[in-house]
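Any value given below was found using the heavy atoms of this structure, including those in side chains, with hydrogens, waters and symmetry copies removed. Quantities reported herein were computed from a predicted structural model and do not represent experimental measurements.
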Amino acid sequence: MKEEVMRKWQNHSFSSGPYAGDDYIAFQQAIKADLSKQLKSAGLTLKQFNKNHYCFSAVVTNGERYAYISIGDVRDNRRIFDEVLYRTMAHEKDWSGGNNRYCHWNNVGDACKELLSR
């Protein structure tokens, strides 16, 4: 699935405006489903998915520890799949968290699993 999501959205020119366009809403649904699959495969759970204006963040857990994932504004960054931010969280509401780390979208589930197992 992740390759299909990437192939469809990698070079997409997203609409822009005061409200998220239908194209971004479709992207957000596809990316959330793909993230859930990656996390499940890594033994993690999607605790929270925060929909924002042309960007999103998520909180994931292994049942004991938490990680934060974020993709910035997709209208400004054509490398949305190359530089996915992730970091540890002291608890599920810790928005400042640990050190920023970056990975490719294809590795986000495994990267979070490794981070949370330390």
Side-chain angles (χ1 to χ4, degrees):
M1 173 72 170
K2 58 188 166 193
E3 295 298 330
E4 292 173 26
V5 170
M6 286 179 45
R7 208 172 6 260
K8 180 173 182 177
W9 297 104
Q10 181 73 44
N11 296 309
H12 181 78
S13 293
F14 286 93
S15 61
S16 189
Y19 303 102
D22 291 340
D23 58 342
Y24 178 71
I25 292 169
F27 166 77
Q28 203 170 56
Q29 290 171 340
I31 207 81
K32 180 181 178 184
D34 189 58
L35 177 59
S36 294
K37 288 179 183 178
Q38 285 195 58
L39 295 173
K40 183 176 180 181
S41 176
L44 303 174
T45 303
L46 179 60
K47 179 79 173 171
Q48 186 176 348
F49 189 86
N50 304 305
K51 299 176 183 179
N52 295 306
H53 186 71
Y54 291 98
C55 59
F56 74 85
S57 64
V59 176
V60 304
T61 184
N62 64 1
E64 297 175 11
R65 299 183 67 204
Y66 296 90
Y68 172 83
I69 298 169
S70 176
I71 285 188
D73 193 324
V74 298
R75 298 169 297 175
D76 295 335
N77 184 359
R78 297 293 175 241
R79 298 173 43 94
I80 58 176
F81 294 109
D82 295 332
E83 298 173 351
V84 178
L85 181 144
Y86 71 105
R87 64 176 173 238
T88 58
M89 300 173 76
H91 50 79
E92 65 182 287
K93 300 292 183 187
D94 174 23
W95 304 118
S96 58
N99 294 331
N100 288 349
R101 300 168 186 265
Y102 297 90
C103 67
H104 191 275
W105 179 255
N106 288 346
N107 301 324
V108 72
D110 291 335
C112 286
K113 178 180 179 177
E114 180 181 336
L115 183 66
L116 295 178
S117 67
R118 295 179 183 175

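- Smallest separation of non-hydrogen atoms from Q38 and V108: OE1-CG1, 3.5 Å.
- For W9 and F14, the gap between ring centers is short of 6.0 Å.
- Y68 pairs by the side-chain hydrogen bond (donor to acceptor under 3.5 Å, both in side chains) definition with nothing, not counting sequence neighbours.
- Between H104 atom NE2 and D82 atom CG the span is 4.5 Å, to the nearest 0.5 Å.
- Rounded to the nearest 0.5 Å, atoms SG (C55) and CG (N50) are 10.0 Å apart.
- Cation-pi geometry between R75 and Y54 is met: under 6.0 angstrom from the ring centre, within 45 degrees of the axis.
- Looking at N62, its side chain does come within 3.5 Å of a backbone N or O of R65 through a donor-acceptor pair.
- Considering only residues two or more places apart in sequence or on other chains, N100 meets the side chain to side chain contact (heavy atoms under 4.5 Å, CB included) condition with L85, R87, Y102.
- W105 and D34 share a donor-acceptor pair across their side chains, judged by distance under 3.5 Å alone.
- No donor-acceptor pair closer than 3.5 Å links the side chain of H91 to the backbone N or O of Y66.
- Note that CG of D73 and CZ of F56 are 12.5 Å apart. Values are rounded to the nearest 0.5 Å.
- A distance-only check finds a donor-acceptor pair linking the side chain of S36 to the backbone of K32 [under 3.5 Å].
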